[in-house]
Amino acid sequence: MDAGFNASLIARAEAIAPKQFDAVRLPLVHAWLQHLPEPAAVWARLFAYRDAVDEPLARSVLGEALIQALKSANALQSTNGQLRASLRLMPFAGLLLGSDEVDARFDPVMGPGATTFELWRAVEISDSPRVLDIGCGAGSLALAAARAGAREVVGVDLDPRAVAYARFNAKLNGISNARFEAGDLSAPVAGQRFELIVSQPPFVTQPASVAATTYLHGGRRGDELALRMLSELPPLLGERGRAIALFDSADDEALIDRLTAAVNDPTLRIIAVAAKGLGADQQALGYASTSHSKLGPDYAAAAIAYREHLRELGIERTRHVLVLVERPDSDGAPRFSARVDTDGARLHDAAALTQLRRALDAAALPDAALLQLSVRPSPHALFVHERSLAGTCDDRLRIRFEGGHASDRELSEAAAALIEILAQTHTLTEAVEHYAQMCRATPEQVAASVARFVRESLVNGLLVLERQ
Ligand SMILES: C[S@@+](CC[C@H](N)C(=O)[O-])C[C@H]1O[C@@H](n2cnc3c(N)ncnc32)[C@H](O)[C@@H]1O
């Protein structure tokens, strides 16, 4: 960290060909790092981007004593005057975290990756909660929660090497209020309660011909382990407890039913924010690249095996889903299950989730109470009017969301008129009056349809509540 090996250097490297798989982009990342003069570039080449570094250069940056120590710990290997690391070290949420280099061994321990970062963005640590991380890997989320102010954190992982790494990482980062246990899902913490549970279980689908990897495969379909994890949540969630999990699941109508059936507790609220995932071809390439960082016959065989397997399962597209399971704070608070889709690949961050929770609470109100509120169109929504210059089709009115904040959609003329009114009025009571005038009706006659539109639009992100 003193050498400048930090999150901002990693962010610069990650900005190189960002949507390409490592097999394709790493040569460019290596070339960029090789030209950087700062010592942090040597750390990044060795410990973040699996490059081979000439021993004299590595010695000038790390020092002889550290190189010898890492060699004797089998974390650095020397071949033909060059060093390579089997230890990965990644800056994450103000920590430096060790894990296996995924190519270095079969069944590696996963350190912080893109999906870890995605889940962490959605987590809010307030009121010093007691936190559980199910499937903690190298302890990334648990330790980040401890660093962000959690009172106590517990991480559980099936893989004892993951637990060993997590304990090592706690020491490396000077964190003393974190405990790590080996075991299946929540078994090691049975009978305990937590205010916050985080989990990124393995969620990759597993073809029979691909050897099962603990950090990656979640079952034949992929989401089986995630659903089993959800089924264990109810007794673990303390008063006002909240769980937040991230995984992929097939993109079908039954998604929210699968989640609700897994949790199987009508006293809990379930909110699923589902980002548009990849089509099966892309997904197969992505899954193959997780275990093959070089292109070649093994990569090709794995990509084909994943593609065939998805075809057999009838999965043509997946959704990347952030699932919240919450124990509401009072008996009067509404319980519901809701699925909210976002068309971009972007999932909600903690601030957007808070806004969504407020919107869902409002949408659950009866019409009369709902129409007392003040709402406005989302700041990310753009009104788009399309007209065929050749006059070959009718005009189309659409809402487009910048940055994939919600799903784009077509609007009827009535809905478009109502959204224009809502953009200009302060309260829903006023909006109902204006809309009634426009329809040459009484406010009582249009109130129910305005309430229906407002309810749907709060849930799908077109309208947001004014701060009260
Ligand atoms: C996708 S990794 C996530 C690691 C880490 N939480 C993160 O976000 O970077 C999934 C983790 O779940 C662990 N795991 C797999 N099956 C498990 C099970 N049945 N019980 C507990 N942990 C399990 C794996 O060993 C792996 O560390």
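Computed from a predicted model, the values in this text were never measured in an experiment. We count ligands from 1, going down the list as the structure has it; atoms in each ligand are counted the same way.
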Quiz: residues 33-41 side-chain donor-acceptor pairs under 3.5 angstrom, not counting sequence neighbours:
residue : atom : partner : partner atom : Å
Gln34   : NE2  : Asp51   : OD2          : 2.9
His35   : ND1  : Ala31   : O            : 2.9

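- By the neighbour-count criterion of 12 heavy atoms within 6.0 Å, atom NZ of Lys294 is sparsely surrounded, having that number or fewer from other residues, nucleotides or ligands.
- At under 3.5 Å, not a single nitrogen or oxygen of Leu141, backbone or side chain, sits near a nitrogen or oxygen of ligand 1.
- Near Gly137, meaning under 4.0 Å from one of its heavy atoms, ligand 1 places the atoms 4 (C), 27 (O).
- Nearest protein heavy-atom neighbour of atom 16 (N) of ligand 1: Leu225 CD2, 3.4 Å.
- Remark: Ser72 pairs with no residue by the side-chain contact (heavy atoms from CB on, under 4.5 Å) rule, at least two apart or across chains.
- A salt bridge between Arg258 and Glu224 is absent, with no side-chain N of the basic residue lying under 4.0 Å from a carboxylate O of the acidic one.
- Salt-bridge formation is not detected for the pair Arg161/Asp159: no Lys NZ or Arg NE/NH1/NH2 atom is positioned less than 4.0 Å from an Asp or Glu carboxylate oxygen.
- The protein non-hydrogen atom at the shortest distance from atom 22 (N) of ligand 1 is Leu158 N, 3.2 Å.
- Residue contacts with ligand 1 do not include Gly155, since none of its heavy atoms lies under 4.0 Å from the ligand.
- The aromatic rings of His217 and Tyr306 sit parallel to each other, their planes meeting at less than 30°, with 60° as the upper class boundary.
- Of all protein heavy atoms, the one lying nearest to atom 25 (O) of ligand 1 is Asp157 OD1, 2.6 Å.
- Using a non-hydrogen distance threshold of 4.0 Å, Pro202 registers as a contact of ligand 1.
- A salt bridge is absent between Arg167 and Asp157; no separation between the charged side-chain nitrogens and carboxylate oxygens falls under 4.0 Å.
- Leu185 N, 2.8 Å is the protein heavy atom nearest to atom 20 (N) of ligand 1.
- Asp127 CG: 12 or fewer foreign heavy atoms inside a 6.0 Å radius.
- Residue, atom and distance of the protein heavy atom nearest to atom 1 (C) of ligand 1 are Tyr215 O, 3.2 Å.
- Atom CZ of Phe21 is surrounded by more than 12 heavy atoms from other residues, nucleotides or ligands within 6.0 Å.
- Between Thr213, Asp184, Asp159, Thr290, it is Asp184 that holds the heavy atom closest to atom 18 (C) of ligand 1.
- Using a non-hydrogen distance threshold of 4.0 Å, Gly111 registers as a contact of ligand 1.
- Counting heavy atoms under 4.0 Å from ligand 1, residue Val109 does not touch it at all.
- Within ligand 1, counting atoms from 1 as listed, the ones closer than 4.0 Å to a heavy atom of Gly183 are 20 (N), 21 (C).
- With a 4.0 Å cut-off on non-hydrogen atoms, Thr115 does not touch ligand 1 at all.
- Between Trp43 and Phe5, the ring planes are parallel. Angles under 30° get that label, and only those over 60° would be called perpendicular.
- Residue Cys136 has at least one heavy-atom neighbour below 4.0 Å for each of these atoms of ligand 1: 5 (C), 6 (N).
- With a 4.0 Å heavy-atom cut-off, ligand 1 is reached by no atom of Ala138.
- Environment of CD in Glu64: crowded, with over 12 heavy atoms of neighbouring residues, nucleotides or ligands closer than 6.0 Å.
- Atom 8 (O) of ligand 1 has its nearest heavy-atom neighbour, among Glu181, Gln200, Met110, in Gln200.
- In the vicinity of Thr116, heavy-atom distances shorter than 4.0 Å reach the ligand 1 atoms 7 (C), 8 (O), 9 (O).
- Of the possible donor and acceptor atoms, one in the side chain of Asp252 sits under 3.5 Å from a partner among the backbone N and O of Ala254.
- With hydrogens left out, the protein atom closest to atom 4 (C) of ligand 1 is Gly135 O, 3.5 Å, a heavy atom.
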